[in-house]
Amino acid sequence: MLDSLFFTINSIFPLILIVLIGFILKSKKIINEKFFDYGSKFCFYIALPISLFKSVYTSDFSKINWIFIGYCLIFTIIIFFIMIVIVCAFCKVDKRRGVIIQASFRSNYAYIGIPLAATLFGDNSLASLMAAFSIPLYNMLSVIALTVFMKNDEGKNKGLIECLKGIIKNPLIISILIAIILNLIFNRFSFNDKFIPNMQQNDSSYFAFISKTIVMIASLATPLSLFVIGGQFKFNISNKELMPLILSVAIRLVIVPIIALSLGILIFKFRGQEVATMIALFATPAAVASAIMAKEMNNDEELANQIVVWSTIFSTITLFIIIFVCANLNLFK
């Protein structure tokens with residue numbers, strides 16, 4: 001029991017402390033708001049895409065567990081469609097509908113999930129490989145959710161073309177697609193290793209400088225993004241946003257992870273790295289990028305920001321409980 005307790009503490013607290021440092025420095029005005037605004041953009045457009053590129057580029061696609069990958073993706077799509085029905089029935093504000101749907105399926109997988117999986121299992125290779133499938137799916141579903149209820153300049157709902165444009169322009173999807181293409185090319189055809197950078201710190205190819213640059217920038221993604229999350233916390237919410245906020249946070253942190261983990265563990269018998277990856281994928285708070293996308297696509301930016309803030313805060317409790325229970329049941333072994 002004591003080992004499980006400290007295992008859980010050591011898994012979560014490093015992430016929480018970095019967020020807390022960002023919040024304190026912002027509240028004490030040691031660092032101003034512009035730093036966090038530009039830091040967020042740097043993470044979204046540079047650091048995170050490069051980090052995902054490195055993870056996918058170095059992944060071994062021959063070791064894919066298609067049953068596990070398929071389960072996670074299908075479960076995410078099912079949640080997406082269930083939430084469309086729910087918001088159409090209970091939410092009458094178009095700008096909030098897409099935000100609530102997005103919060104239900106889109107976790108902070110890249111910023112918090114992947115490093116958390118590495119902490120839980122000591123290896124994030126499956127979590128990184130999962131990013132090649134989950135993050136493009138997240139972004140495609142998010143663009144659809146944030147577009148389908150909104151009106152264009154003519155007062156009509158936006159169509160498929162607008163959705164596709166948003167998907168194609170997303171830097172996370174672009175970086176992953178490039179990484180997949182290069183990974184498949186270099187593994188399918190024979191090349192002199194001296195001409196192919198391996199995107200690792202110990203690269204000995206002629207173009208090792210590319211690998212070392214990629215590694216250095218990728219290493220910024222997690223700590224800087226967590227730091228930015230802390231600096232962007234704003235504790236203000238209107239009464240009109242209270243119920244949508246409570247619903248979104250409850251679905252994100254309690255309902256989705258309980259169902260996803262229960263089905264995966266009991267029916268499909270997932271264990272070890274698979275359980276760590278499911279926690280990273282389904283139990284982490286709402287993605288920071290979800291608020292950025294909500295703003296850029298003219299949805300309810302304030303509600304999206306509050307979902308990120310409060311789901312991150314309460315995830316310290318829900319993640320602690322989930323990880324503690326799984327550790328006690330020896331599901332990480």
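Among residue pairs with one or both ends in residues 18-35, those qualifying as salt bridge (charged side-chain N to carboxylate O under 4.0 Å, His left out) are Glu33-Lys234; sequence neighbours excluded. Sorted by first and then second residue, the pairs that involve residues 261-280 and meet ring pair (Phe, Tyr, Trp, His ring centres under 6.0 Å), not counting sequence neighbours, are Phe68-Phe270, Tyr71-Phe268, Tyr71-Phe270, Phe268-Phe270. Legend: side chain to side chain donor-acceptor pair (under 3.5 Å) pairs involving residues 248-265, not counting sequence neighbours: none detected.
No path of Ile, Leu, Val, Met, Phe, Trp and Tyr side chains, each step under 4.5 Å between heavy atoms, connects Leu52 with Met216, placing them in separate hydrophobic clusters. Under the 4.5 Å side-chain contact rule for hydrophobic residues, Tyr38 and Leu220 do not share a cluster. Val93 and Val99 are not part of a single hydrophobic cluster, where members link through side-chain heavy atoms under 4.5 Å apart. Tracing side-chain contacts under 4.5 Å through hydrophobic residues (I, L, V, M, F, W, Y), one reaches Phe105 starting from Ile77; they form part of the same cluster. Linking ILVMFWY side-chain heavy atoms closer than 4.5 Å, directly or via other members, places Val215 and Ile217 in two distinct hydrophobic clusters.
Annotation: side chain of Arg106 is not in contact with side chain of Leu141 (no heavy-atom distance under 4.5 Å). Residues Leu116 and Ile323 meet the side-chain proximity criterion, which asks for heavy atoms closer than 4.5 Å. Side-chain contact between Val85 and Phe81 is absent, with no heavy atoms from C-beta onward closer than 4.5 Å. By the 4.5 Å heavy-atom criterion applied to side chains, Phe23 and Ile18 are not counted as neighbours. Phe332 is listed as a side-chain neighbour of Cys326, based on a closest heavy-atom distance under 4.5 Å. Side-chain contact between Ser134 and Thr76 is absent, with no heavy atoms from C-beta onward closer than 4.5 Å.
Taken to the nearest 0.5 Å, the CG atom of Leu281 stands 9.5 Å off from the CD1 atom of Ile135. To the nearest 0.5 Å, atoms CG (Leu247) and CG (Leu242) are separated by 11.0 Å. The CD atom of Glu274 lies 5.0 Å from the CG atom of Asn65; values are rounded to the nearest 0.5 Å. Cys43 SG to Leu48 CG: the interatomic distance, rounded to the nearest 0.5 Å, is 7.5 Å. Atom CD1 of Ile50 is separated from atom OH of Tyr57 by 14.0 Å, given to the nearest 0.5 angstrom. If you take CD1 on Ile265 and CG on Leu331, they are separated by 4.5 Å, rounding to the nearest 0.5 Å.
Listed by chain and residue number, Phe36 satisfy the ring pair (Phe, Tyr, Trp, His ring centres under 6.0 Å) test with Phe227 (two or more places apart in sequence, or in another chain). Applying the side chain to side chain donor-acceptor pair (under 3.5 Å) test to Asp300 and every residue at least two apart in sequence or in another chain returns Arg96. Considering only residues two or more places apart in sequence or on other chains, Ser315 meets the side-chain contact (heavy atoms from CB on, under 4.5 Å) condition with Leu253, Pro285, Thr318, Leu319.
For CD1 of Ile67, the number of neighbouring non-hydrogen atoms (other residues, nucleotides, ligands) closer than 6.0 Å is 12 at most. Remark: Phe314 CZ is loosely packed, at most 12 non-hydrogen atoms of other residues, nucleotides or ligands lying under 6.0 Å away.
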Should Ser205 and Ile196 be marked as a side chain to side chain contact (heavy atoms under 4.5 Å, CB included) after you check the CA-CA gap, both sets of side-chain angles, and the distance that decides it?
CA-CA 6 Å; Ser205 71; Ile196 307 300; over 6 Å; no
Passes side chain to side chain contact (heavy atoms under 4.5 Å, CB included), Ile251 versus Met83? Steps please.
CA-CA 10 Å; Ile251 292 172; Met83 287 304 301; 3.6 Å; yes
Please test Phe133 against Ile176 for side chain to side chain contact (heavy atoms under 4.5 Å, CB included), starting from the C-alpha separation and ending with a verdict.
CA-CA 9 Å; Phe133 300 91; Ile176 288 174; over 6 Å; no
Determine, step by step, whether Asn330 and Arg271 satisfy the side-chain hydrogen bond (donor to acceptor under 3.5 Å, both in side chains) criterion, reporting the C-alpha distance in whole Å, the side-chain angles of both residues, the deciding distance to 0.1 Å, and the verdict.
CA-CA 9 Å; Asn330 292 320; Arg271 296 292 186 274; over 6 Å; no
Take Phe282 and Phe75 through the test ring-ring contact (aromatic ring centres under 6.0 Å, His included) and record every step on the way to the result.
CA-CA 10 Å; Phe282 297 116; Phe75 184 87; 5.2 Å; yes
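Between Val308 and Thr312, the closest heavy-atom pair is O-OG1, 2.5 Å. Contact record, Pro197 with Ser211: CB-OG, 3.2 Å, taken as the closest heavy-atom pair. When every heavy atom of Ile101 is checked against every heavy atom of Ala145, the shortest pair comes out as CG2-CB, 3.9 Å. Pairing each heavy atom of Ala276 with each of Leu120, the nearest pair is CB-CB, 4.0 Å. A pairwise comparison of heavy atoms in Lys54 and Met199 identifies CE-O, 3.5 Å as the closest pair. Contact detail for Val143 and Thr147: the closest heavy-atom pair is O-OG1, 2.5 Å.
Using a distance-only test at 3.5 Å, with no hydrogens or angles considered, no donor-acceptor pair links the side chain of Ser40 to the main chain of Asp37. Using modelled atom types, no side-chain atom of Asn108 and backbone atom of Thr284 make a donor-acceptor pair closer than 3.5 Å. One N or O on the side chain of Gln273 and one on the backbone of Leu126 form a donor-acceptor pair closer than 3.5 Å. Between the side chain of Asn183 and the backbone N or O of Val56, at least one donor-acceptor pair lies under 3.5 Å. Between the side chain of Gln306 and the backbone N or O of Leu303, no donor-acceptor pair lies under 3.5 Å. A distance-only check finds no donor-acceptor pair linking the side chain of Ser142 to the backbone of Gln102 [under 3.5 Å]. Side-chain N or O atoms of Ser51 include none that pairs as donor or acceptor with a backbone N or O of Ala47 at under 3.5 Å. Counting only distance, with no hydrogens or angles, the side chain of Asp94 and the backbone of Arg97 share no donor-acceptor pair below 3.5 Å.
Checking Tyr138 against Ser290 by side-chain atom types alone, no donor-acceptor pair falls below 3.5 Å.
Note: Phe195 and Phe207 have tilted aromatic rings, judged against thresholds of 30 and 60 degrees for the angle between ring planes.
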